[in-house]
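I have placed the structure first, in the form of structure tokens, so that the comments after it can refer back to it.
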2 protein chains.
Amino acid sequence: MKQPPVPVKPWPESDPAVDALVTEVIGRVADKWTMLVLEVLADHSELRFTQISRLVPDVSQKMLTQTLRQMERDGLVVRTVFPVVPPRVEYRLTDLGLSLGAAFCGVWRWAEENLRRIEAARAEFDARQKR
Amino acid sequence: MKQPPVPVKPWPESDPAVDALVTEVIGRVADKWTMLVLEVLADHSELRFTQISRLVPDVSQKMLTQTLRQMERDGLVVRTVFPVVPPRVEYRLTDLGLSLGAAFCGVWRWAEENLRRIEAARAEFDARQKR
DNA sequence: CAGCATCCCTTTTGATACTG
DNA sequence: CAGTATCAAAAGGGATGCTG
């Protein structure tokens with residue numbers, strides 16, 4: 001049984017150049033803060049800076065700024081500055097960002113569904129290490 | 001239009017304790033090397049240490065070891081040591097790991113499909129920064 | 001409010017050498 | 001082969017002060 005029952009990768013990508021690019025993109029997008037920011041923006045449609053910082057636990061303003069800039073650069077997010085005082089800046093997902101959110105949907109569901117299994121696996125692993 | 005056309009998060013999780021755990025799990029799993037190792041293991045069913053290091057570009061042996069240990073601890077991977085010399089160690093996904101691979105499938109497809117869009121967005125962003 | 005800049009410390013990562 | 005150990009470099013992250 002060489003092949004898993006469900007194909008986990010849609011098509012076996014063989015072009016090394018494309019593969020390298022995909023790897024690079026995955027490396028960028030598969031980031032803790034990126035995913036968490038993506039999640040809250042996917043849920044709320046548009047948010048201000050401080051709202052995001054409240055919704056994403058433990059993110060520093062430095063990392064949040066950095067993450068949002070990166071996402072903006074990658075075309076995942078649009079940043080709208082309202083010329084008012086005090087300043088008002090809103091973030092919302094682009095279509096591209098929305099599609100990434102949809103792609104990550106399965107991962108969030110997986111995480112929720114398998115919390116217990118993971119905790120159990122860790123406990124067992126740690127117990128085995130002690131012996 | 002508050003809600004995006006496609007629900008990106010399956011159900012609006014409100015329990016703060018569960019949410020924190022999900023966040024923690026996402027933070028662990030949404031890791032560059034974890035995703036890349038997951039991908040090659042999903043493709044090959046079982047692999048030896050050096051095979052993985054060849055298939056995952058630019059991973060150091062230290063990071064690979066660390067990632068594999070983490071994945072083993074989380075119950076995503078089984079590590080089989082054959083008591084021969086030279087040593088032979090094989091890695092394969094568990095059912096849990098396989099299900100995570102299936103969940104990530106959409107992300108890989110997304111990355112492949114949107115390479116160009118991301119590159120274009122970056123180019124445009126960088127050009128705008130210069131002005 | 002939404003940041004950028006700076007300083008400073010901690011964590012992560014990478015390169016190298018060594019071992020059962 | 002499949003690691004572990006070690007050290008140096010880089011990235012991450014907090015705190016504070018300052019702007020438009």
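To find a chain, count down the sequence lines: A is the first, B the second, and so on, and within it residues start at 1. Bear in mind the structure is a predicted one, so any value in this text is a computation, not a measurement.
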Report the nucleotide, chosen from [options], that has the shortest atom-to-atom distance to any side-chain atom of [X].
X	options	answer
A:F49	C:dG3, D:dC1, D:dG3	C:dG3
B:Q66	D:dA2, D:dG13, C:dT13	C:dT13
A:T65	C:dG3, D:dG13, D:dA2	C:dG3
A:V89	D:dT16, C:dC1, C:dA2	C:dA2

It should be established whether [X] places a side-chain nitrogen or oxygen under 4.0 Å from OP1 or OP2 of nucleotide [N].
X	N	result
A:W33	D:dG13	yes
A:S60	D:dG12	no
A:R79	C:dG3	yes

Length of the line joining [X]:[atom1] and [N]:[atom2], which is rounded to integer Å:
X	N	atom1	atom2	answer
B:R48	D:dG3	CZ	P	10 Å
B:L47	D:dG3	CG	P	13 Å
B:R88	D:dG3	CZ	C1'	16 Å
A:D31	C:dT12	CG	P	14 Å
A:R69	C:dG3	CZ	C1'	7 Å
B:R28	C:dT12	CZ	C1'	14 Å
B:M63	C:dT12	CE	C1'	7 Å
A:F82	C:dA2	CZ	P	11 Å

Donor-acceptor contact present, side-chain A:D31 to main-chain A:T34, <3.5 Å
yes

Main-chain N/O of A:W33 paired with A:T67 side-chain donor or acceptor, under 3.5 Å:
no

Comparing A:P87 and A:K32 on DNA chain D - which has the more 5′ nearest nucleotide:
A:K32

Have a look at A:Y91 and say if it touches a base, only the backbone sugar-phosphate, or nothing, with a 4.0 Å heavy-atom cut-off.
sugar-phosphate

Let me check something: do B:V77 and A:F125 share a hydrophobic cluster, defined by ILVMFWY side-chain heavy atoms less than 4.5 Å apart, either directly or through other members?
no

Is A:V81 reachable from A:M71 through a run of I, L, V, M, F, W or Y residues, each pair having side-chain heavy atoms under 4.5 Å apart?
yes

Toward the 5' end of DNA chain C, by each residue's nearest nucleotide, A:K62 or B:Q61
A:K62

In terms of the angle between their ring planes, are B:F49 and B:Y91 parallel, tilted or perpendicular, with boundaries placed at 30° and 60°?
tilted

